[in-house]
4 protein chains.
Amino acid sequence: MKPAAQRLRFGVVGLGRLGKRHAENLAYRVPGALLAAACSPLADELAWARDALPEPRLYDDYADLLADPHVDAVWLVTPSSLHAQQIVDALRAGKHVFCEKPLSLDVAECERVLAEAARYPHLRAMIGFMRRFDPSYKDAFDKIAAGRIGRPFLVRSQTTDQNDTDGFFVRFAATSGGIFLDCTVHDIDVARWLLGKPRATRVFAAGAVALHEGLREFGDVDNGVAICEFEGGKLAMFYASRTQAHGNDTHSEVIGTAGALAIGHNPRANRVEIYDATGIRNECTPNFFDRFEDAFLHEARAFVAAVQGGAVRGGVVQDEAVQGEAAQAGATLADALEATRIGVALRESLRSGQAVTL
Amino acid sequence: MKPAAQRLRFGVVGLGRLGKRHAENLAYRVPGALLAAACSPLADELAWARDALPEPRLYDDYADLLADPHVDAVWLVTPSSLHAQQIVDALRAGKHVFCEKPLSLDVAECERVLAEAARYPHLRAMIGFMRRFDPSYKDAFDKIAAGRIGRPFLVRSQTTDQNDTDGFFVRFAATSGGIFLDCTVHDIDVARWLLGKPRATRVFAAGAVALHEGLREFGDVDNGVAICEFEGGKLAMFYASRTQAHGNDTHSEVIGTAGALAIGHNPRANRVEIYDATGIRNECTPNFFDRFEDAFLHEARAFVAAVQGGAVRGGVVQDEAVQGEAAQAGATLADALEATRIGVALRESLRSGQAVTL
Amino acid sequence: MKPAAQRLRFGVVGLGRLGKRHAENLAYRVPGALLAAACSPLADELAWARDALPEPRLYDDYADLLADPHVDAVWLVTPSSLHAQQIVDALRAGKHVFCEKPLSLDVAECERVLAEAARYPHLRAMIGFMRRFDPSYKDAFDKIAAGRIGRPFLVRSQTTDQNDTDGFFVRFAATSGGIFLDCTVHDIDVARWLLGKPRATRVFAAGAVALHEGLREFGDVDNGVAICEFEGGKLAMFYASRTQAHGNDTHSEVIGTAGALAIGHNPRANRVEIYDATGIRNECTPNFFDRFEDAFLHEARAFVAAVQGGAVRGGVVQDEAVQGEAAQAGATLADALEATRIGVALRESLRSGQAVTL
Amino acid sequence: MKPAAQRLRFGVVGLGRLGKRHAENLAYRVPGALLAAACSPLADELAWARDALPEPRLYDDYADLLADPHVDAVWLVTPSSLHAQQIVDALRAGKHVFCEKPLSLDVAECERVLAEAARYPHLRAMIGFMRRFDPSYKDAFDKIAAGRIGRPFLVRSQTTDQNDTDGFFVRFAATSGGIFLDCTVHDIDVARWLLGKPRATRVFAAGAVALHEGLREFGDVDNGVAICEFEGGKLAMFYASRTQAHGNDTHSEVIGTAGALAIGHNPRANRVEIYDATGIRNECTPNFFDRFEDAFLHEARAFVAAVQGGAVRGGVVQDEAVQGEAAQAGATLADALEATRIGVALRESLRSGQAVTL
């Protein structure tokens, strides 16, 4: 455990459901982190922070938080449309920045952030593709790296949510970017990461409205399928759904020349099996939030390690191998740009019915 | 396919549900067999035989069937209490004999049958412990024989039925011999077979009446557990139940010094998994009849191979290795005697609350 | 069991590995069938038939078999390029006809067969998409029909083979039609069957050569992925592979508005699980032949029932409901035409890199 | 998060592998806890504490730690033989006490601790049967409480370790109490907990030495099986092993009149499945330490909640329901006494070959 004086001082921005979880992780579960500040425009979120967090300085304005000299890094859990500018502002203020995905729904905007970030090479920016930090995804990545399945050439990956009868995402459709940019973007990042970051060359997508007719006016669907071709003869297939009956079912497979790995095929809620007159069953993870609880924590630890590996604030790198690996594991701005570029192409293909060449 | 003149001519005795299945197997699915005759005291069973089987000679009296010179072997699917005497009568009439388990519920009676059978070494007698012929049990047996789990020293095996709300087995309790002789006898045979036929030295049993209070008057239980010690430090644990909610759940595990094998852990009805709001589930095999459909067929084929390996009626042995193996795989009268001996000891232990030394 | 005089008399044509299995099924395991004749140009196959089958008349010329008045139906297990003409010849000879898939690799040729068959409405023609008769696929079909998953709108289905280091299918590539017409054609039929036979409107395909470089000269791949859009907003995703390490892994999922079904997700070879230092595992079905052993048998029974439901040769229909269902379950010539039409479009998409509209 | 002044101040005693984990949990992951002190006779363990923990006061003598007025509770992770006296000393010093299992290997000594503890009703003492806090075990407990399986009447539970070729536990055999008191004691507690804490009436045990001959001189075995009868017709079956090939395999089943629950049947290491030429497999949890990582954390949180539910140090009870439940969930001294009583009887049965009545 580092003394407080050597810890990375975070300001969390956005204290919705996911923001709260990130804040608690940084406050209590990441040895090298210190939660110094929190920012939200909502009074009740700030009230929560006052009660639940260890005496952070509180801000209702992001600019004020950026001006706080006792904050080394910001952790953005804000609406997607704000991400790009907030990242740029943080870098300009000299802060490291973690930001929830997506970087932006707009490719040009992503590129502007990258250009700006290039001016601050000593600052770290990471986008929150948390699956990379899930222990099972990480184990698969390591097995691939160790050659256990030969040369990987195909990823099949899905992000599917339990049907929300409340229809939240229908109301959200106007700004979500559509199912591929909102959901599949995770699978895109997983595919690139597990296949060695090949460049995408062509995509095709199709979709169906199974239950939520309200999506049609936005050109969106509640179930989408897609194929992505990469250079070097690599492939990915994606499935996204908002209408599953059994729960959040996020899984991925990687197929190689000498074997394959499946990650999360049955989204078991826990280790319990129920035997009754309907058969033998397991319950399923209800949402991504529960599924990736551990991943969010490992992500925060990796971010701290990555920053401290860069010798920020005089921190001594205790284990270079670990920190190098951690630094490598997180999605860079360039990764996030690629995920958006592919996601945008998928949306275009969905709308045009044609394959889209990148 | 052998010409009819070289096939083993069977007379099936008893045409209840299981008898019908055996008869159909012998009639249509066992290349070396010819179903020559059938016997039942019940008119409707004989009527079924007339319609469903390929022109067998029909008898309502077992003695008449034994007198039929065109029958080489009898296949007994009769009430347990008749087995011993019917086997003896068949052997005296010069017929090979297959008989459903158990040989007898009485150890002394088992011994009398063995003594009588010793006088007819050219005739084959096999008792129907069909699990030995189930492809999965057979695969486990072969893997053990190949040394895949080192030295096997512990078997855990269970025979559990879906609860029968009709309470058939309560009415049957007076003559079933109790749960250990009726159900666990299969697990006993499995344990001996998979552990290399060690001699049992001590047993302990306990039980519970979960649902069927009517069993108490017979000293029986609807759930029983037991431990059996064998010479050479080998062990078995048994569980029998009449009250499962999810189906017939027959499974066994064999634990060795270098690994273990589980056979049938989840009694899947088929390859379908159902995803719905209750989770992910599979349906289960409803009863032993469906679970062991293939085993009954392989059992019949093995019996024919075993007899023909003995050069009966001038049959040419085409594949000695296969036939030797088949002959070995079936339960002998001695195996059936041991199963009854252990089952009786378990019942005694259940009643006395004490370990019983064999 | 029907007397021989009421059974459907078959002539099997082609006695390769699969032909032998079909022949044995018809000879011994289909109560309403009588294997009357067999045809092969190869002497050793005819020799096998002489030994293994119950005295069939043997032909080395298909025309001679068609001229045999004691044959009611032909069962074609011949090279794909012969199927179309052989079906037409059989119908012209007044025989019912079962033919292994595909009907033809050429859409126009498929259409010619349909046109010809329309002239013989009293004769039955069925194409061998055997998955429809696999008990698990059948169970899924029935559950869907019973409304268990709401309205089905997406099928994901795959046909993947264990890698054949011998490279048989590379030599076969010139005539196989490519991976989509050879393998995916099964998944296409499954998707149409489970989704209620919607009309396909657009497809996209992509592929990779993972191991077998020799395929490139034929424009073929050893791994292919595809999306198929159907009218009514229904979708299918397909995966085909020749290079799996673990075995033949044929599985399908059907996703509906109220749940989903997976068929064969883990291609377990049997009910055994192996516990050793590498973890807990099951072995896998090595090939489609073993995986669909039961399906081939049910298929033959269904064909007989379908023909006899049509009152051929004075046969009395004993159970109209069963026979109606069986008749419905088999793939018609029209189904086979659609499968070929979609498969050809997939191949075109693979080659062009563009979506293909049907 | 409570201010430091309201947190429960712990002194951890014993800093071996498990002690370190407990210490880190209390230091960083239990909001209501404050790690105030640590005690070990070993210099390197104290050095670790100095580096890894947030500035605890360090002691090499337990009496000194007990004299520290800034410690509210002790957390004992010391050798089993010290537990009883250390608990008594802690209570006499006015400290709450958590102690790793077992309370003692001697029933009379357990009873002396209970008698002493009765004099300090305002102090809490909990024994570390951590399975009660594992999320899957907890889920099963809750489902049983909700009536989901009817009346539970049979528990089958096992504690099996991966074979330790180093033979640590052989050297440990002289003081471990034998396999039933060392391993099965967890299953005994699970069975009592899930069955509603019935009184045990009779036990029988048997065992085998599969690999570790050195155990014989201690009257111990490396594989043990047992049956335990409880009042009210409830039953338990236990299996303990030191020699598994595949990993630590801790699982339990509870069978009720309307269904059953299995907890941890396949001890999956994570959500990854590996497909290769040997089949499809998952890796297994290597040891209890990894398997119960979460349980140890929940256990610590529950202990704090239990103490604070008792209004210690003016703590405000924020959620009485939760705290009441937590208090109930932990094993009391009486539970630990019963576990030892049954474990001792099992050892006696193993040695005598006779059933032992309690």
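In what follows, every chain begins at residue 1, and chains take the letters A, B, ... in the order their sequences are listed. Atoms considered below: every heavy atom in the structure, side chains included; atoms not considered: hydrogens, waters and symmetry mates.
At a heavy-atom separation below 4.5 angstrom, chain B is approached by A/N266, A/P267, A/Y275 within residues 261-275 of chain A. Residues of residues 174-188 of chain A placed with any heavy atom under 4.5 Å of a heavy atom in chain B are absent; none qualify. Within residues 146-164 of chain A, no residue has any heavy atom under 4.5 Å from a heavy atom of chain B.
Salt bridge status for A/R216 with A/E213: present, with a side-chain N to carboxylate O gap under 4.0 Å.
No donor-acceptor pair closer than 3.5 Å links the side chain of A/D142 to the backbone N or O of A/A145. One N or O on the side chain of A/R281 and one on the backbone of B/T278 form a donor-acceptor pair closer than 3.5 Å.
To the nearest 0.5 angstrom, A/D139 atom CG is 10.0 Å from A/I144 atom CD1. The CH2 atom of A/W193 sits 12.5 Å away from atom CZ of A/F129, with the distance rounded to the nearest 0.5 Å. Note that CZ of B/R242 and CG of B/N223 are 10.0 Å apart. Values are rounded to the nearest 0.5 Å. The distance from the CZ atom of B/F169 to the NE2 atom of B/H212 is 3.5 Å, given to the nearest 0.5 Å. The distance from the NZ atom of A/K138 to the NE2 atom of A/H298 is 10.0 Å, given to the nearest 0.5 Å. Between B/H251 atom NE2 and B/Y239 atom OH the span is 10.5 Å, to the nearest 0.5 Å.
Taking the side chain as every heavy atom from C-beta outward, A/D134 and A/M130 never approach each other to under 4.5 Å.
Considering every non-hydrogen atom in both A/K101 and A/S80, the closest pair reads O-OG, 4.5 Å.
B/D249 pairs by the salt bridge (Lys or Arg N to Asp or Glu O under 4.0 Å) definition with nothing, not counting sequence neighbours.
Geometrically, A/R21 does not engage A/F296 in a cation-pi contact defined by less than 6.0 Å to the ring centre and at most 45° from the axis.
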